[in-house]
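Remember, it's 1-based here, ligands and their atoms both numbered in the order they're listed.
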Amino acid sequence: MSRAALLATLRGVVGHAHVLTHDDPACDLTAYEQDWRRRHRGRALAVVRPGCTAEVAAVVRACAQAGVAIVPQGGNTGLVVGGVPDASGQQVVLSLQRMNVIRSLDPANLTLTLEAGCVLHTAQQAAEAAGLWLPLSLAAEGSCTIGGNLATNAGGTQVLRFGNARDLCLGLEVVTAQGQVWRGLSGLRKDNTGYDLRHLFIGSEGTLGVITAATLKLFPRPVAQLTAWAAVPSMAAAVTLLGLAQRHLGADLTGFEVMGQFALSLVDRHFPALRVPLWQESPYCVLLENSAHDSEAHARARLEALLEAALADGCVSDAVVAESLAQARSLWHIRESIPLAQAEEGLNIKHDISLPVSRIPAFCADTDAQLAQTIPGVRLVNFGHLGDGNLHYNVQCPPGADSVDFLQTQEARINALVFDAVQRHGGSISAEHGIGSLKRDTLPRYKDPTALQLMRAIKQALDPQGIMNPGRVL
Ligand SMILES: Cc1cc2nc3c(=O)[nH]c(=O)nc-3n(C[C@H](O)[C@H](O)[C@H](O)COP(=O)(O)OP(=O)(O)OC[C@H]3O[C@@H](n4cnc5c(N)ncnc54)[C@H](O)[C@@H]3O)c2cc1C
């Protein structure tokens with residue numbers, strides 16, 4: 001099938017208005033072709049915006065027949081260049097944004113079934129309107145979609161208690177690489193009827209099929225969510241505080257974030273109105289959240305008891321507890337503003353790594369020292385979900401240096417230094433952002449060879465034509 005014939009078929013499937021191409025001078029495709037960090041700008045053959053599952057299936061069948069690659073895309077907030085086309089001008093971007101219907105909410109079964117293009121924040125609000133809670137939360141929640149969250153197995157700030165997107169998903173609807181529809185929207189918590197296909201598609205970054213809808217778990221809303229901000233004298237002290245918090249709060253501990261002093265100084269510099277507390281006093285601050293189902297007074301008493309124990313232990317030097325929901329939101333807003341403040345400061349080398357929590361202090365001590373020795377004056381934007389052993393260990397150039405030049409000349413060397421250290425300490429080079437095309441060539445160095453062989457066999461079995469997001473992950 002010629003390109004012109006393919007475009008005509010696609011227009012017949014989704015309608016003229018929903019096939020965007022460069023041939024139309026009125027169409028600006030930048031939002032679909034450029035990644036969130038603006039590190040990559042590709043060129044699409046077309047951006048296709050189907051409105052329902054049957055249309056997605058027809059689009060995939062047409063592309064398969066024409067041998068044209070498909071790049072599924074949700075909110076395009078991914079950080080590993082996985083959801084934008086390459087520069088060939090031959091790939092079709094399949095945007096799920098029009099598929100944003102909430103199909104059903106079952107309060108007795110505690111489930112929400114919705115289309116893949118629903119924005120995460122909309123899904124959270126749907127749960128909230130029913131007095132329930134969807135505990136998936138990340139700074140991009142105003143733009144990222146449920147399909148993207150599942151395709152990347154997103155993490156965020158509540159993994160400590162509720163797990164990744166994978167753990168919140170009970171069922172999926174998927175269009176396969178051949179354009180068939182797998183209707184697996186089960187709301188079942190138990191279903192041992194063979195291979196669990198859901199887990200193949202979750203985290204596959206669009207390389208095996210297109211997620212068109214999902215059934216997610218909901219939870220009762222806690223009656224109180226209290227937030228504390230604590231200054232801690234070292235990363236080791238932050239780990240000690242985590243252990244104390246787990247003992248004092250048990251399953252009510254729903255968030256535990258660490259933020260390094262330089263990361264907070266960037267928020268202070270670029271968003272001074274946010275008024276970052278305690279950051280000048282200590283090398284790290286911790287944000288922790290206590291969600292309780294009994295009473296706010298009880299939750300507050302337990303949080304204060306924890307902080308008293310931590311002050312007595314010396315793992316906390318000072319702390320504040322938010323007095324209101326508005327104050328709690330402001331504290332979380334500071335934490336969520338770190339990636340934006342970092343982007344304001346200039347390009348940087350990002351590492352989304354995970355380690356056993358017990359190894360994090362030693363990893364930071366070793367790697368901070370090695371980086372300082374290798375690149376005098378280098379600055380570390382170190383923050384992340386410490387409760388999950390997940391650090392965003394990002395490297396910013398020395399003051400006054402050119403960040404574009406820094407990336408060009410130092411990225412490969414710094415990545416090798418950081419990832420080798422991660423491997424020595426028993427960690428992973430991608431905790432929650434995925435592999436995309438950014439880490440594809442790095443993966444074979446750190447992934448078990450048998451695991452890679454099995455991954456290639458799965459890709460070959462499900463997408464023998466290689467049309468689903470080629471050049472990503474593998
Ligand atoms: C400020 C900021 C903060 C962030 N914080 C976090 C965080 O705390 N935790 C975290 O995990 N991530 C975080 N991210 C990364 C990003 O938001 C997540 O990866 C998110 O899950 C991506 O969703 P999306 O809809 O934007 O997907 P996209 O960026 O559009 O796509 C991401 C990948 O999924 C594939 N894909 C998208 N939709 C589908 C579909 N329906 N079917 C099949 N494949 C699909 C794409 O091909 C691509 O490979 C952050 C990003 C930003 C910008």
Check the pair Glu289 / Arg335 against salt bridge (charged side-chain N to carboxylate O under 4.0 Å, His left out), numbers first and verdict last. CA-CA 13 Å; Glu289 184 182 74; Arg335 156 66 185 86; over 6 Å; no
Side chain Gln73, main chain Tyr32, donor-acceptor under 3.5 Å: yes
With side-chain contact (heavy atoms from CB on, under 4.5 Å) as the test, pick out the partner of Val473 among Arg440, Met455, Lys459. Met455
Within the 4.0 Å heavy-atom sphere of ligand 1, strictly under, residues: Trp36, Pro72, Gln73, Gly74, Gly75, Asn76, Thr77, Gly78, Leu79, Gly82, Gly83, Leu96, Ala116, Leu138, Ala139, Ala140, Cys144, Thr145, Gly147, Gly148, Asn149, Ala151, Thr152, Ala154, Gly155, Gly156, Glu205, Gly206, Gly209, Val210, Ile211, His385, Glu432, His433, Asn469
I'd like to know if the side chain of Arg37 and the backbone of Leu347 have a donor-acceptor N/O pair within less than 3.5 Å. no
Look at Arg472 together with Glu205 and state whether they make a salt bridge at an N to O cut-off of under 4.0 Å. no
Here the pair of heavy atoms bringing Ala151 nearest to Gly206 is CB-N, 4.3 Å
